[in-house]
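Computed from a predicted model, the values in this text were never measured in an experiment.
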Amino acid sequence: MAQLKVDAEPDEVGIDGARLSRIDAHFKRYVDDGRLAGWTIALARRGKVAHLSHYGLADLETRRPVADDTIWRIYSMTKPITSVAALMLLERGALELTDPVSRYIPAFADSRVYVSGSAANPGTVPATEPVRIWHLLTHTAGLTYGFHHAHAVDEMYRAKGMEFGAPRGMDLAGACEVFAGLPLLFQPGAEWNYSVATDVLGRVVEVASGQSLDAFFAEHILGPLGMEDTAFSVTSDDIDRLATLYVRGHDGALARSAMGEGATRPPTYLSGGGGLVSTAADYHRFSQMLARGGELDGVRLLAPRTVAYMTRNHLPGGADLDQVGRPMFSESPFRGVGFGLGVSVVVDAAAGKAMAQEGEYGWGGLASTAFWVAPAAEVTALFLTQFMPSSAYPIRSQLRALVNQALLD
């Protein structure tokens with residue numbers, strides 16, 4: 001089991017300890033006033049953990065506290081791991097970014113694009129170019145999520161049982177057949193839309209490697225990095241370490257979400273876009289691997305140039321998500337934020353009106369989790385909790401401000 005502990009005093013790595021204490025003081029209020037059940041925060045600089053804190057409960061009913069070994073559903077923080085898997089195959093010559101997805105999933109050979117009409121009777125035209133691997137990595141493929149509730153194509157996904165994940169009993173290969181048979185939201189490469197693209201990428205990893213996604217992760221990423229608690233479900237022995245997933249109930253109080261039970265049984269559908277559970281110690285190791293240019297403790301997953309390429313903006317014309325993206329939530333502007341190969345990338349910190357630096361990259365998850373790597377500041381930050389939806393509170397922008405105000409150089 002990976003261990004996470006503080007191994008540097010804040011001032012040793014250019015952090016003001018007194019200002020750092022503002023982080024915990026601020027987020028404790030989220031628990032004390034009932035907005036969150038509990039959380040873990042980890043902050044590292046120059047490869048040293050300078051701050052690690054837990055507060056609140058992993059389960060309100062049993063009063064079980066958040067602890068070092070608490071297991072969290074990381075949902076879309078699975079996406080960077082799947083993206084790393086694809087880039088590892090790129091480095092081995094097993095795939096190319098320009099490859100048509102149909103080379104690995106033939107059902108994508110005849111993609112059509114929505115132009116008009118209802119979900120029951122859509123008007124479509126042929127795709128002007130194939131959906132390619134880079135489209136999947138950048139969410140510019142024209143795929144979508146059923147839970148967006150923003151477009152007729154989203155409704156078509158829901159009609160197929162594709163709102164959150166796939167219908168019970170359907171595997172990843174079967175789901176990708178369904179996705180391929182539905183219209184694209186736009187021509188590949190024309191816009192950005194957050195979508196099942198990384199799930200499809202996970203299937204590409206399976207086909208290109210000849211391994212199931214869980215087996216590839218275990219052999220090539222999780223095992224080598226020592227991420228022993230990261231998997232597509234928790235074992236029966238570890239159920240009591242899993243944090244409970246909460247939503248806001250009708251009475252305004254936190255209520256257990258039945259959706260959280262999916263993590264307690266091995267899935268048929270291996271979701272590369274949102275299926276993993278993990279711990280703070282494990283995901284810290286993943287973020288450190290990225291921060292160190294693809295290597296950690298003598299284990300190299302990616303070359304430094306690959307990580308640099310992954311974490312630059314790949315959106316058409318160098319645009320940001322506000323220019324070419326269909327927003328996930330109206331209250332989550334994307335000004336100044338681009339998108340790389342599986343991670344968001346800050347391209348204009350002033351435009352975004354959030355305290356950040358150009359070059360910061362990372363992503364978050366449905367249950368309000370988040371991580372980022374700030375190369376210029378030599379910082380990695382991690383926030384883990386279990387509350388849906390992630391748009392409910394400005395946790396990520398507040399944490400960024402609180403981290404950056406504590407940095408002295």
Check: [X] side chain, [Y] main-chain N or O, donor-acceptor pair, under 3.5 Å:
X    : Y    : result
E228 : T230 : no
R335 : K353 : no
R241 : D69  : yes
Q357 : A376 : no
D171 : T268 : no

So, [X] and [Y], do they make that salt bridge, N to O below 4.0 Å?
X    : Y    : value
D59  : R256 : yes
D16  : R22  : no
E163 : R158 : no
D229 : R285 : no

Report all side-chain donor-acceptor pairs from residues 337-346 shorter than 3.5 Å, counting only partners two or more places apart or in another chain.
{"from": "S344", "atom 1": "OG", "to": "G362", "atom 2": "O", "distance (Å)": "2.9"}

Output side-chain donor-acceptor pairs under 3.5 Å for residues 214-223, partner residues at least two apart or in another chain, one line each.
{"from": "D214", "atom 1": "OD1", "to": "S212", "atom 2": "OG", "distance (Å)": "2.4"}
{"from": "E219", "atom 1": "OE1", "to": "Q211", "atom 2": "NE2", "distance (Å)": "2.8"}
{"from": "H220", "atom 1": "NE2", "to": "Q211", "atom 2": "OE1", "distance (Å)": "3.0"}

Point-to-point distance, once rounded to the nearest 0.5 Å, from [atom1] of [X] to [atom2] of [Y]:
X    : Y    : atom1 : atom2 : value
R73  : Q386 : CZ    : CD    : 5.0 Å
S195 : L185 : OG    : CG    : 9.0 Å
Y75  : S271 : OH    : OG    : 10.0 Å

Exercise. Can you list every pair that meets ring-ring contact (aromatic ring centres under 6.0 Å, His included) and has a residue in residues 41-71, with sequence neighbours left out?
Worked result: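 As it turns out, the ring-ring contact (aromatic ring centres under 6.0 Å, His included) pairs with a partner in residues 41-71, which skip direct neighbours, are W39-Y55.
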For this session: Verify whether the ring centers belonging to F164 and Y145 lie closer than 6.0 Å.
Result: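 No: the rings miss the under 6.0 Å criterion.
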For this session: For residues N193 and H148, determine if any side-chain heavy atom of one lies less than 4.5 Å from a side-chain heavy atom of the other.
Result: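 Side-chain contact under 4.5 Å: yes.
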Problem set entry | Passing option when W363 is tested against F383, F371, Y283, Y194 for ring-ring contact (aromatic ring centres under 6.0 Å, His included) |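 The residue from F383, F371, Y283, Y194 that satisfies ring-ring contact (aromatic ring centres under 6.0 Å, His included) with W363 turns out to be Y194.
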For this session: Mind listing the closest non-hydrogen atom pair of E96 and I133 along with its distance?
Result: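 Shortest heavy-atom separation between E96 and I133 comes out as O-CG1, 3.4 Å.
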